[in-house]
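What follows is a set of notes on a single structure, which appears directly below.
Lettering of chains follows the sequences in order, A, B, ..., and the numbering in each one begins at 1.
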There are 2 protein chains.
Amino acid sequence: MARSMHVRRPATLASLAAELGVSRTTVSNAYNRPDQLSPELRRRVLDTARRLGYPGPDPVARSLRTRKAGAVGLLLTENLSYAFRDPAAIGFLEGLALACEDAGTGLLLVPANPEREDVASVHRAGVDGFVVYSVPDDDPHLAAVLERPVPTVVCDQPDLGTVDRVGIDDRGAMYELAKHLIGLGHRRVGVVCMRLARDRNDGFVTPDRQHAAHFHVQRNRLSGLAEAFSEAGVDWSQVPVVERFDHNMASGASGAAQVLDKDPQITALICTSDVLALGAMTEAARRGLRVPHDITVTGFDGIRAGEEAGLTTVRQPVLEKGRAAGKLLLDANERTRPRSVNLATELIIGKTSGPPRGGAEERWFGP
Amino acid sequence: MARSMHVRRPATLASLAAELGVSRTTVSNAYNRPDQLSPELRRRVLDTARRLGYPGPDPVARSLRTRKAGAVGLLLTENLSYAFRDPAAIGFLEGLALACEDAGTGLLLVPANPEREDVASVHRAGVDGFVVYSVPDDDPHLAAVLERPVPTVVCDQPDLGTVDRVGIDDRGAMYELAKHLIGLGHRRVGVVCMRLARDRNDGFVTPDRQHAAHFHVQRNRLSGLAEAFSEAGVDWSQVPVVERFDHNMASGASGAAQVLDKDPQITALICTSDVLALGAMTEAARRGLRVPHDITVTGFDGIRAGEEAGLTTVRQPVLEKGRAAGKLLLDANERTRPRSVNLATELIIGKTSGPPRGGAEERWFGP
DNA sequence: TTGAAAGCGCTAACAC
DNA sequence: GTGTTAGCGCTTTCAA
């Protein structure tokens, strides 16, 4: 009776060994190396464990001893829950989860609130490696990860030269998309892009801010556009580029509105993501602009909803990207690090791009 | 020169303390309790750490000592990546991630492949608690979780009485939906449901299998239907119920086909999820059946795509469910455990349900 | 097949 | 403000 009044101190491997009158090695073997002891003894150990309420070797203590956590950490730029809102991020997560599953490894989502500079969560993460997905290049969490003595793979980030990297050719892909628009005859265009840095700037973007953008992906997509249009004789510094901090359709819509208010003459609205482009389409519709007859709208990513809308975009293999990141991290071959993987993208000509209004006629009368 | 040939053994807190000629406590304090030592000393510690390449206290060793992992584990029934395919699961994950974020806690996705009986991943997980989401009640991973001496919250599972639980009234909600259909005049109906147990059974379901279903959610939804239709004088044992192992639209379509082939006279196709219902709609369309004129189709969950399709369904607060699960787990108040939370659902009458074909006419001429 | 010894790297009382 | 002591619970040579 009195016994049950005590807070029963949970049994440990040592206490179990003592109870059984065997060594700790034997108990450990009963769990980890069944072939190292007789079946009867093993039974006896396991039975006694059950009787004493011993839940098996403590995973943390085991990790300390074996120097293996059995998990990889994932660092995202956004509030953790953002990952479950953005279709491209979900695809990436799925691919990464697939790779982890194959390896029997856990996937730890590290809470890295971009608002706070608190990197303790990175220090606290008991993981065998990190995947860093699309964070600004000056993010303190990224710096904290790089200081941890575990392998790291960065994704949609600049090549650091010191850790593995997987990504796509954002610049080249956007350049190609721009060439398509230029071929159609577009010269007067506007751009809606995602956040370029950690500070909120919902408005027009100066050329300086474009160049200095801390998000690798956005910087390169813009630079691909600038290059293509500059080559076509367009003064890029005069092109309205609008930035939005939050990544959702509402941002796409309001961004499009801001661009169109500034220059109602533009013939194409180039968005740096499908989600923004979908939002831009709703704004176009709201203004009675037919796509692509009155205005061309393009995206980037190749998400399902964009496909259904017939969006002209660049499709990137988000799931493969996640899987590749996981594979890279879990492939322990240190000798070949650091590695850099570029995945292929595909320009999708949908039904949201066409010649500028009047553009076709110009051709009829052209040289 | 010779030095650099050695594998540099990474610095530890102890070696750093030795180098500095201070105690380990002081070094520890430099990281964990800045107020416990002079700023100058702290600087010296941190500088030396940087010089020696000491990455800060090892998280695993710290966890062992503090008995806190700083993470919660999530156990899902499906391949890990499944969670990123199912809209309802994504919503749950988002809510859970939100709760974790608020608490500064990591979220560890535990790889629990339902094919393998390997529960080692559960044993290996260094977490302060588990959330178990919609696994069969006889899943060995669940059993393994329950043996771990950490708090647990089960979600969309039977109330075990020993651990916290969050869920909805699946039975009552489906009963209400059935009443709606009965009120419209439906008596001859068919059902497409998700998997009922761990074994694959893509086909008709016996009443026995319905009762014995190992997935709490499915069992209760079916039982709500059975109850309502039995009350309306329908012999439930004669109602075609088709099960699908994989949860996607294709399953909904093929399940609907199987039901319709068996009894082309049914006036309503009741699906136990929106995803299945969306698939069933495509099959109806393929057969030239207009919804709801020729056939009524209903779902369950209230996902976005269903809403857009105007689906008649039961909306459940998936995000809130995840958040509630996280809150329950992270609220350390042991005194009030175990707790059970039921979230409210809402019957959504969409445009996919209507009176049975001829049902209206019957009424005109009826008594 | 089993056991003894030696830590893995750290934190938390408590004393100085 | 700083140090001493005592483990957290486990695995793993190595020897018996």
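- For the pair B:N32 CG and C:dA12 P, the interatomic distance rounds to 7 Å; values are reported in whole Å.
- In this structure, A:Y31 and A:Y54 have perpendicular ring planes: the angle between them is above 60°, well past the 30° mark.
- At most 12 non-hydrogen atoms from other residues, nucleotides or ligands lie less than 6.0 angstrom from CZ of B:R50.
- At least one side-chain nitrogen or oxygen of B:S23 sits closer than 4.0 Å to the OP1 or OP2 atom of D:dG3.
- Distances from the side chain of A:R62 to the nucleotides C:dT2, C:dA12, D:dC10 place D:dC10 closest.
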query = Where do B:R42 and B:D35 land on the side chain to side chain contact (heavy atoms under 4.5 Å, CB included) test, with the steps shown first?
reply = CA-CA 9 Å; B:R42 175 151 195 260; B:D35 52 309; over 6 Å; no

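- For the pair B:E40 CD and D:dG1 P, the interatomic distance rounds to 10 Å; values are reported in whole Å.
- Between B:S28 and C:dC10 there is no side-chain N or O to OP1 or OP2 distance below 4.0 Å.
- Nearest-nucleotide assignment on DNA chain C puts the 5′-proximal partner with A:Q36, out of A:R24 and A:Q36.
- Within the 3.5 Å criterion, the main-chain N or O of B:V22 finds no donor-acceptor partner in the side chain of B:T26.
- With D:dC10, C:dA12, C:dC10 as the choices, the nucleotide that has an atom nearest any side-chain atom of B:R33 turns out to be C:dA12.
- Here B:S38 does not reach the OP1 or OP2 of D:dG1: none of its side-chain N or O atoms lies under 4.0 Å away.
- The aromatic rings of B:F92 and B:Y133 sit parallel, their planes meeting at an angle under 30°, below the 60° perpendicular limit.
- Summarising the geometry, the separation between CG on A:L20 and C1' on C:dT2 is reported as 13 Å, rounded to the nearest angstrom.
- At D:dC10, one or more side-chain N or O atoms of A:Y54 fall inside 4.0 Å of OP1 or OP2 (strictly under the cut-off).
- What separates CZ of A:R65 from P of D:dG7 is a distance of 20 Å, to the nearest Å.
- One can place CG of B:L13 at 19 Å from P of D:dG7, the figure rounded to the nearest angstrom.
- The side chain of A:N29 places no N or O atom within less than 4.0 Å of a non-bridging phosphate oxygen (OP1 or OP2) of C:dT1.
- Among the protein residues, A:V22 comes within range of the sugar-phosphate backbone only, with heavy atoms under 4.0 Å from sugar or phosphate atoms but none that close to a base.
- Neither OP1 nor OP2 of D:dT11 sits under 4.0 Å from any side-chain N or O of A:T66.
- Counting non-hydrogen atoms under 4.0 angstrom, A:L37 reaches the backbone sugars and phosphates but no base.
- The side chain of B:L41 has D:dT2 as its nearest neighbour among D:dT2, C:dC10, D:dG3.
- C:dG9 atom C1' lies 16 Å from atom NZ of A:K68, rounded to whole Å.
- OP1 or OP2 of C:dG9 has at least one side-chain nitrogen or oxygen of A:R67 nearer than 4.0 Å.
- Rounded to an integer number of Å, the gap from CZ of A:R124 to C1' of C:dC10 is 14 Å.
- Contacts of B:T25 with the nucleic acid, taken as non-hydrogen atoms under 4.0 Å apart, include base atoms.
- Among the nucleotides C:dT11, C:dA6, C:dG9, the one closest to the side chain of B:L64 is C:dG9.
- A donor-acceptor contact shorter than 3.5 Å is absent between the side chain of A:R165 and the backbone of A:P338.
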